[in-house]
2 protein chains.
Amino acid sequence: MVKRTSFEGDACPIARSLEAIGDWWSLLIIREALFGVRRFGEFQNKLGMAKNILSARLRSLVDHGILETAPASDGSAYSEYLLTPKGRGTFPILVALRQWSEEFDEHPEEIATILVDREKGRPVKKLEMRAEDGRLLSPADTTLKPRPASRRRSA
Amino acid sequence: MVKRTSFEGDACPIARSLEAIGDWWSLLIIREALFGVRRFGEFQNKLGMAKNILSARLRSLVDHGILETAPASDGSAYSEYLLTPKGRGTFPILVALRQWSEEFDEHPEEIATILVDREKGRPVKKLEMRAEDGRLLSPADTTLKPRPASRRRSA
DNA sequence: CTTGTGTGGTTGCATCATAAAACCAAATGG
DNA sequence: CCATTTGGTTTTATGATGCAACCACACAAG
């Protein structure tokens, strides 16, 4: 089989997240969902993608627990696609991608929008990584350790 | 043409970043590079991917200014692939992906490693988004504004 | 100089995923 | 009821992926 390699069993959390949202469209669908988009046709209009792959992606996102289908919410008998807490938890990923573009894009003048603090209308600061005690950490200040064995179940 | 849709001209910074690193392998290559991997064969061994697509991905990453080829560095006459500043700038994206897995993965016990503060050996805190004045921001505290027109060129 | 071996790729298929468009059924809407 | 919109599925063509085979070069031994 030449099957597209799956990262499902991989022990790396980055690979595991890519398994769920590492394709071309998923993060854009999530972006729209965070903006309040819920309906199939609305996703299709905003993203301009083919309906068959939108259908496949939505199903995949539901399977991964990122979206869930709700029966109605406004009058019509159609169903909607809503973000789960896991889905809303992708927000920092989207912010990180956005800030990376804002900082390094070759043509930043083509970027249409900036993320701002709603209260003051000023751009948000770059995402910060901190230690438990609050110290600001750079990449070099971090390292990887093997995950400690779970204590909940001994054998 | 059925060409795989390109986000190159898109005004959304998230789409633009996905254009560069939104495929299955690029972020994993960058992850290895952040770990110090430099050589073709080393990437191939660690990631277990086909050599032709590794070749294509490395070229794409070089074209996007994320990697650069350095002539040698150790004795051998082969070239190496090094991260540029733009490449190292993806670190928060990888951290965000990792933390998302750590928080929401269905089988967290399968995750092998955790990211820790090198000094204390304790897990790093979740990425924080802050306003210019330092206030901690939730997603709901933010909004998008149109990018102000560049002042450098009036017309 | 010749042979051998490892590195760093490219080239050929076979297969999978994606995309566009056609199609279709149920739900509205007049 | 008939027409249109919504929310998809099916069909078909093409691009991307994956494996294996091949190849060029460097380097070392004989």
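Side chains included, hydrogens not; waters and symmetry mates left out as well; all remaining heavy atoms used. Throughout, protein chains are lettered first and strands after them, A, B, ... in sequence-line order, and every chain is numbered starting at 1.
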Q: Going by an N to O cut-off under 4.0 Å, is there a salt bridge joining B:R130 and A:E128?
A: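 Answer for the salt bridge query: yes.
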Q: Under 4.0 Å: is that the gap between some side-chain N or O of A:S55 and OP1 or OP2 of D:dG8?
A: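 Checking A:S55 against D:dG8: no side-chain N or O falls below 4.0 Å of OP1 or OP2.
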Q: So if I apply the salt bridge (charged side-chain N to carboxylate O under 4.0 Å, His left out) rule between B:R38 and each of B:E80, B:E32, B:E68, which one comes out positive?
A: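 It is B:E80, the one option of B:E80, B:E32, B:E68 that forms the salt bridge (charged side-chain N to carboxylate O under 4.0 Å, His left out) with B:R38.
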Q: How many Å lie between CD1 on A:I29 and P on C:dT18, as a whole number?
A: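 Nearest whole value for this atom pair: 11 Å.
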Q: Whole-Å distance between C:dT18 P and B:L18 CG?
A: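 Between P of C:dT18 and CG of B:L18: 14 Å.
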Q: Between atom CG in A:N45 and atom P in D:dG7, what is the gap in whole Å?
A: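 Atom CG in A:N45 sits about 10 Å away from atom P in D:dG7.
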Q: How long is the line joining CZ of B:R57 and P of C:dG9, in whole Å?
A: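 About 16 Å, once rounded to whole Å.
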Q: Just to confirm, is there a sub-4.0 Å distance from OP1 or OP2 of D:dA16 to any side-chain nitrogen or oxygen of B:W25?
A: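 Result: no.
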Q: Side-chain N or O of B:R39 versus OP1/OP2 of C:dG8: is the shortest distance under 4.0 Å?
A: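 Yes, such a contact exists.
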Q: Strictly distance-based, threshold 3.5 Å: is any side-chain N or O of A:K51 a donor or acceptor partner for the main-chain N or O of A:F40?
A: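 No, the answer is negative, given that no donor and acceptor are paired below the 3.5 Å cut-off.
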Q: Which nucleotide sits closest to the side chain of B:K51: C:dA19, D:dC19, C:dG8?
A: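 For B:K51, the side-chain atoms sit closest to C:dG8.
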Q: Without swapping roles, check the side chain of B:R31 against the backbone of B:L94 for a donor-acceptor pair under 3.5 Å.
A: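 Checked: no pair found.
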Q: Please work out if A:F43 contacts a base, only the sugar-phosphate, or nothing of the nucleic acid, heavy-atom cut-off 4.0 Å.
A: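 No contact at all - A:F43 keeps every heavy atom at 4.0 Å or more from the nucleic acid.
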Q: Just the rounded figure in Å: distance from P of C:dG8 to CZ of B:F40.
A: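 Distance, rounded to whole Å: 8 Å.
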Q: Under the side-chain contact (heavy atoms from CB on, under 4.5 Å) test against B:I114, which residue among B:E102, B:R122, B:Q99 passes?
A: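 Filter result, single survivor: B:E102.
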Q: Using whole Å, what does the distance between atom P of nucleotide C:dT18 and atom CG of A:L28 come to?
A: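 In whole Å, C:dT18 P and A:L28 CG are 14 Å from each other.
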Q: Could you state the CG-P distance from B:L54 to C:dG8, rounded to the nearest angstrom?
A: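 After rounding, the reported distance stands at 11 Å.
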Q: Assess whether one donor atom and one acceptor atom, taken from the side chain of B:N52 and the base of C:dG8, lie less than 3.5 Å apart.
A: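 Absent.
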Q: Could you tell me the separation between the CE atom of B:M49 and the P atom of C:dT10, rounded to a whole number of Å?
A: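 Answer to the nearest Å: 13 Å.
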Q: Of all the choices, D:dG18, C:dT28, C:dG9, which nucleotide is nearest to the side chain of A:Y78 once you look at every atom?
A: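 So the nucleotide nearest the side chain must be C:dT28.
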Q: Report yes if a side-chain nitrogen or oxygen of B:R59 is closer than 4.0 Å to either non-bridging phosphate oxygen (OP1 or OP2) of C:dT10; otherwise report no.
A: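 The answer is yes; a side-chain N or O of B:R59 sits under 4.0 Å from OP1 or OP2.
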